[in-house]
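The basis for the numbers below is simple: all heavy atoms, side chains too, and nothing from hydrogens, waters or symmetry mates. In this chain, numbering begins with 1 at the start of the sequence shown.
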Amino acid sequence: MRRKRLVFVLCLLCFILGVGGAAYIVYKYPNEVVKTVTEKNVTVTDTGIADAVEKIESAVVVVQNYQRNTLAGTGTGFVYKVEGKTAYIMTNHHVIENAKDIKITFADDSETTATLVGSDEYADIAVLKVDADKIKGVATLGSSVNARKGDTVFTIGSPMGIDYRGTVTKGILSGKDRLVSVSISGNTYDWIMNVMQTDAAINPGNSGGPLCNVNGEVIGINSMKIVESTIEGIGFAIPIEDALKYADDLIKNGSISRPYIGISMLNASSKYQLVYSGVRLDEDITRGVVIMAVEKGSSADKAGLVKGDVIIKVENDNVSDIAEFRYRLYSHEVNETIKLTVIRDGKEKELSITLGSN
């Protein structure tokens with residue numbers, strides 16, 4: 001009986017000390033206690049990326065391509081800088097290609113007409129200008145270099161036309177420095193783009209719109225989407241640093257100057273076309289670019305390149321086809337002297353060539 005009483009007294013004493021100690025801590029350190037309790041029991045309300053969207057949406061515009069007084073296509077663009085009384089809008093080349101008139105619709109439904117400053121089909125970048133007093137906001141530019149795979153990103157644009165303007169889609173940055181082959185002219189791949197990959201939904205009409213980080217900063221420009229029945233959720237964007245370089249050239253010069261060497265060419269893999277053109281290659285040559293003609297007085301002519309040469313390297317970079325050759329060649333500057341490795345009469349030959357301009 002004495003033991004039971006002793007246990008009861010001890011339990012009561014512990015309870016009193018516990019309650020008293022807790023009361024003392026609350027009295028002495030109220031902020032710390034509240035903080036701990038709050039952190040453990042807080043209910044977080046997820047507002048998603050609403051703040052980031054609000055930061056950029058006033059700078060995003062609908063770009064409408066009119067040809068012969070008829071709407072030929074719709075895309076997206078965004079105001080990226082203002083100089084004096086002029087505001088500049090960036091979008092894709094293919095959005096405004098062959099446009100006679102370009103109409104801009106802002107987030108508040110006001111409209112204006114844009115003037116084309118310049119565009120480039122290989123970069124897929126176009127710069128438009130409007131009066132600065134017409135714009136509703138200017139985008140904040142971020143960094144694709146600092147972006148990491150797995151980062152949350154979002155797009156804002158006009159999929160399926162102006163009726164769905166301001167549509168936001170969210171995903172992650174799935175990859176960086178993807179080299180994607182595209183067709184600029186014809187049905188064969190003739191150019192390579194260095195792009196970022198995202199699984200954020202990019203649909204027709206999103207082209208030219210911004211790819212943003214969670215701070216609402218533009219890190220890329222949506223450019224294209226792989227559309228196949230077996231592929232889902234793969235979209236691409238041009239890194240903002242590349243886009244700005246192209247845009248600056250377009251504003252300064254109206255075009256982008258790229259190296260030109262003066263040749264016509266076919267892929268080494270195009271056996272039937274080569275035979276039809278009177279060029280026969282050894283069976284073991286399956287990659288590279290075959291020179292079909294050399295322009296007289298051109299850089300290629302001065303360097304000693306001849307019909308039938310197979311270009312397999314630009315500097316130390318291997319070349320497998322025309323798309324890769326252009327990509328490697330255009331990474332160099334006009335008037336720069338570089339080395340090309342060719343196969344001629346079954347043997348490798350290295351030639352120096354000074355790049356001309358297009």
Side-chain angles (χ1 to χ4, degrees), residues 48-49 52-53 56-57 59-63 65 73-78 80 89-97 119-126 139 141-184 189 191-244 246-247 323 327:
I49 53 172
V53 172
I56 180 70
E57 64 180 345
V60 179
V61 302
V62 180
V63 181
N65 179 332
T74 302
T76 304
F78 60 95
Y80 77 99
I89 295 171
M90 199 180 299
T91 186
N92 286 150
H93 165 82
H94 73 263
V95 170
I96 54 82
E97 189 173 13
S119 68
D120 184 86
E121 62 180 346
Y122 288 104
D124 199 21
I125 292 294
L141 304 184
S143 168
S144 71
V145 175
N146 296 332
R148 300 179 300 168
K149 287 193 293 185
D151 281 352
T152 297
V153 294
F154 70 93
T155 72
I156 181 167
S158 306
M160 301 171 62
I162 196 169
D163 290 342
Y164 291 88
R165 62 190 178 281
T167 295
V168 177
T169 58
K170 186 180 78 167
I172 64 169
L173 185 61
S174 306
K176 298 176 66 176
D177 297 318
R178 301 296 199 204
L179 298 181
V180 179
S181 297
V182 296
S183 177
I184 300 297
Y189 295 134
W191 177 240
I192 291 177
M193 296 184 72
N194 185 346
V195 293
M196 299 182 294
Q197 179 186 335
T198 179
D199 65 351
I202 299 175
N203 297 292
N206 277 113
S207 288
L211 180 71
C212 302
N213 60 24
V214 291
N215 295 319
E217 300 167 337
V218 181
I219 63 171
I221 302 176
N222 303 322
S223 180
M224 53 190 170
K225 180 181 179 181
I226 294 178
V227 181
E228 295 183 18
S229 59
T230 57
I231 296 177
E232 181 65 31
I234 298 183
F236 296 104
I238 304 164
I240 190 60
E241 292 84 359
D242 293 347
L244 284 174
Y246 296 136
Y327 177 75

Show your reasoning for whether side chain to side chain contact (heavy atoms under 4.5 Å, CB included) applies to Ser144 and Glu241. CA-CA 7 Å; Ser144 71; Glu241 292 84 359; 2.4 Å; yes

Criterion side chain to side chain contact (heavy atoms under 4.5 Å, CB included) on Val180 and Phe236, from CA distance to verdict: CA-CA 9 Å; Val180 179; Phe236 296 104; 3.7 Å; yes

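- Between the OG atom in Ser158 and the OH atom in Tyr164 there is a gap of 12.0 Å [rounded to 0.5 Å].
- Looking at Val95 and Asn65, their side chains never come closer than 4.5 Å, going by heavy atoms from C-beta outward.
- Here the shortest heavy-atom pairing between Ala139 and Ala59 reads N-CB, 3.4 Å.
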Side-chain donor-acceptor pairs under 3.5 Å in residues 148-156, sequence neighbours left out?
unit_1	atom_1	unit_2	atom_2	d
Asp151	OD2	Arg148	N	2.8
Thr155	OG1	Thr169	OG1	2.6

Report the C-alpha distance between Asp120 and Tyr246 in whole Å, list the side-chain angles of each, state the deciding distance to 0.1 Å, and finish with yes or no for side chain to side chain contact (heavy atoms under 4.5 Å, CB included). CA-CA 8 Å; Asp120 184 86; Tyr246 296 136; 6.0 Å; no

Got a list of side-chain donor-acceptor pairs under 3.5 Å for residues 204-215, not counting sequence neighbours?
unit_1	atom_1	unit_2	atom_2	d
Asn206	OD1	Asn203	N	3.0
Ser207	OG	His94	NE2	3.1
Asn213	OD1	Asn215	N	3.0
Asn213	OD1	Gly216	N	3.3
Asn213	OD1	Glu217	N	3.0
Asn213	ND2	Glu217	OE1	3.0

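- Separation of atoms OG1 (Thr76) and CD1 (Ile202) is listed at 10.5 Å; rounding is to 0.5 Å.
- No side-chain donor-acceptor contact under 3.5 Å links Lys176 to the backbone of Pro239.
- Taking CG of Asn222 as the reference point, atom CE of Met196 lies at 8.5 Å (rounded to 0.5 Å).
- Counting all heavy atoms, side chain and backbone alike, Ala126 lies closest to Ser119 at CB-CB, 3.6 Å.
- Considering every non-hydrogen atom in both Asp199 and Gly171, the closest pair reads OD1-CA, 3.2 Å.
- Expressed to the nearest 0.5 Å, how far CD1 of Ile96 lies from OG1 of Thr91 amounts to 7.5 Å.
- Atoms OH and CD1, from Tyr122 and Ile184 in turn, are 6.5 Å apart once rounded to the nearest 0.5 Å.
- Scanning both residues, Ile192 and Ser181, for their nearest heavy atoms gives CG1-OG, 3.8 Å.
- Residues Ile238 and Asn92 form a side-chain contact, since some pair of their non-hydrogen atoms from C-beta on lies under 4.5 Å apart.
- Every residue meeting the side chain to side chain donor-acceptor pair (under 3.5 Å) condition with Gln197, not counting sequence neighbours, appears here in chain and number order: Arg178.
- Nearest heavy atoms, Tyr189 versus Ser183: CD2-N, 3.9 Å.
- The CE atom of Met90 lies 7.0 Å from the CG atom of Leu141; values are rounded to the nearest 0.5 Å.
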Stepwise side chain to side chain contact (heavy atoms under 4.5 Å, CB included) test for Ser174 and Ile172: CA-CA 6 Å; Ser174 306; Ile172 64 169; 4.0 Å; yes

